[in-house]
Amino acid sequence: MVKYILKRLLHLIPLILGMTFVSFLIIKLAPGDFLTSLKMNPSISKETIEALRKSYGLDQPVIKQYFFWLWNAIHFNLGYSFAYHRPVISLIAGRIGNTLSLTVTAFFVTWMLAVPLGIIAAFYRNKILDRIITSISLVGLSIPSFFVAFLLMFFAAKTGLLPIGGVVSQNYDKLSLAGKILDRLKHMVIPLTAMVVGNISGLVRLVRGTVIDELEKDYVKLAVAKGLPYRVILFKHVLKNAMNPFITLIGFDIAGLLSGAALIEIITAWPGMGRLMFEAVMSQDLFVVMGALYIGGIMLVVGNLIADVLLALNDPRIREREVEGRR
């Protein structure tokens, strides 16, 4: 298994290199940069701008700039933000917790709701309970998550029942421990609901379809013919065999923990990585954009690696192919 993990890591390293290089090249091909906007300020001389360009290494060829950034990024020195006048790593450290608290919570809520609902719909397929669940999921699929966020923001603005924007209230420091937890949960309701509604509908239908496909296979018919209880067949055999596509999806979800909430963060004024990335792109803050992409690439590697390991642990056939490959 250790060799399998190392092999997967080696395969994923070129992915990060390719992603960061293409992103760096696209950003550099865009007209102008952050320092170009400073030329509009008459109080800043051309000599000052050129000195800044030289100090940031922006006067060097693009390839040289990339490899200089890559060498520093390997050591987690992600550069200095033009707009915030702070190290990029400190900016990311200040935002990544907000994003992960939202996306990880949405991840668990989505899977804890979608898997049981999908199994129930498959178990009672073509019956009233299945029709209710599939109808609700169809409605959820037809409503974009950003529109749900807009509706919730409008509701909160009109009623005042939920806070708008931010992670905590102004009096957060004065609250008790329970009050602080409740305050954070209240601020999370709008973006969390928008994310869960956007993710759960498709997942419910996928779980339902996968479980139904397994239920129609010959081994299930044989188990039914032998007199095994249907619930035992479902939970002991069918779910295990249906896990592979779900495990792959879990890997994708882990990889998207930092980027999956970007639009929701922007709409709901949640101060996370998505908003930071958007502001950095708009202001052409090169090192912030590259730092966020680099951290996102690492999450992609980790997510795919976790999915591969879980697949190998769940499916003996994958482990056997790996052993045969080493022979």
Side-chain angles (χ1 to χ4, degrees), residues 91-92 94-118 132-172 180-207 249-250 252-283 285 288-289 292-293 295-296 299-300 303:
L91 276 174
I92 293 176
R95 299 289 189 97
I96 196 170
N98 295 335
T99 293
L100 288 178
S101 65
L102 177 62
T103 54
V104 171
T105 305
F107 171 82
F108 281 109
V109 172
T110 298
W111 280 88
M112 284 191 297
L113 291 176
V115 172
L117 287 174
I132 292 172
I133 293 173
T134 52
S135 298
I136 293 173
S137 66
L138 278 174
V139 173
L141 281 173
S142 64
I143 304 176
S145 57
F146 69 86
F147 186 67
V148 176
F150 277 125
L151 291 177
L152 292 172
M153 291 286 284
F154 179 77
F155 170 79
K158 287 293 185 181
T159 62
L161 295 176
L162 294 171
I164 299 175
V167 180
V168 295
S169 302
Q170 293 182 351
N171 64 337
Y172 178 78
K180 289 180 178 180
I181 295 173
L182 183 61
D183 184 64
R184 283 183 174 272
L185 290 175
K186 283 183 177 179
H187 280 80
M188 194 184 290
V189 167
I190 292 177
L192 179 64
T193 304
M195 288 189 66
V196 171
V197 170
N199 296 334
I200 194 172
S201 301
L203 186 56
V204 167
R205 295 184 66 81
L206 176 65
V207 173
L249 274 179
I250 288 173
F252 284 129
D253 283 349
I254 293 173
L257 286 178
L258 291 182
S259 59
L263 185 58
I264 300 300
E265 286 182 1
I266 294 167
I267 294 172
T268 61
W270 183 267
M273 287 289 293
R275 283 190 65 194
L276 178 65
M277 183 72 167
F278 175 75
E279 293 164 1
V281 169
M282 295 303 294
S283 62
D285 200 344
V288 175
V289 175
L293 287 173
I295 300 297
M299 292 292 293
L300 178 65

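Computed from a predicted model, the values in this text were never measured in an experiment.
- Side-chain contact between Phe150 and Pro144 is absent, with no heavy atoms from C-beta onward closer than 4.5 Å.
- Taken to the nearest 0.5 Å, the CE atom of Met153 stands 14.0 Å off from the NZ atom of Lys158.
- In this structure, the side chains of Met273 and Asn98 stay at 4.5 Å or more apart for every pair of heavy atoms.
- Shown are Val197, Val196, Leu192; of these, the side-chain contact (heavy atoms from CB on, under 4.5 Å) with Thr110 is made only by Val196.
- Annotation: side chain of His187 is not in contact with side chain of Val167 (no heavy-atom distance under 4.5 Å).
- Of all heavy-atom pairs between Arg205 and Ser137, the closest is CG-OG, 3.5 Å.
- In plain terms, the two heavy atoms of Ile200 and Ala114 that are nearest each other are CG1-CB, 3.7 Å.
- The structure places CE of Met188 at 4.0 Å from OG of Ser101, a figure rounded to the nearest 0.5 Å.
- Between Leu161 and Phe155 the shortest side-chain heavy-atom distance falls below 4.5 Å.
- Heavy-atom neighbours of Phe154 CZ from other residues, nucleotides or ligands within 6.0 Å: at or below the threshold of 12.
- Side-chain contact check for Leu293 versus Met277: some heavy-atom pair is nearer than 4.5 Å.
- The two residues Gly140 and Ser201 come nearest to each other via the heavy atoms CA-OG, 3.2 Å.
- For the atom pair Leu263 CG and Arg275 CZ, the distance stands at 12.5 Å (nearest 0.5 Å).
- Distance check: Ile96 CD1 to Leu276 CG gives 10.5 Å after rounding to the nearest 0.5 Å.
- Note that CZ of Phe107 and CE of Met112 are 10.0 Å apart. Values are rounded to the nearest 0.5 Å.
- Val204 is listed as a side-chain neighbour of Ile133, based on a closest heavy-atom distance under 4.5 Å.
- The shortest heavy-atom contact between Ile190 and Pro163 is CD1-O, 3.8 Å.
- In this structure, Asp183 contributes its side chain and Ser169 its backbone to a donor-acceptor pair below 3.5 Å.
- One N or O on the side chain of Ser142 and one on the backbone of Val139 form a donor-acceptor pair closer than 3.5 Å.
- Between Arg184 and Tyr172, the closest side-chain pair of non-hydrogen atoms falls below 4.5 Å.
- The number of heavy atoms from other shown groups lying within 6.0 Å of NZ (Lys180) is above 12.
- The minimum heavy-atom distance between Ala156 and Ile164, with the atom names listed, is CB-CG1, 3.8 Å.
- Proximity of Leu102 to Trp270: side-chain heavy atoms (C-beta onward) are separated by under 4.5 Å at one or more points.
- Applying side-chain contact (heavy atoms from CB on, under 4.5 Å) to Thr193 and the options Ile264, Leu162, Leu152 leaves one that passes, Leu152.
- The two residues Ala292 and Ile92 make their nearest non-hydrogen contact at N-CD1, 3.9 Å.
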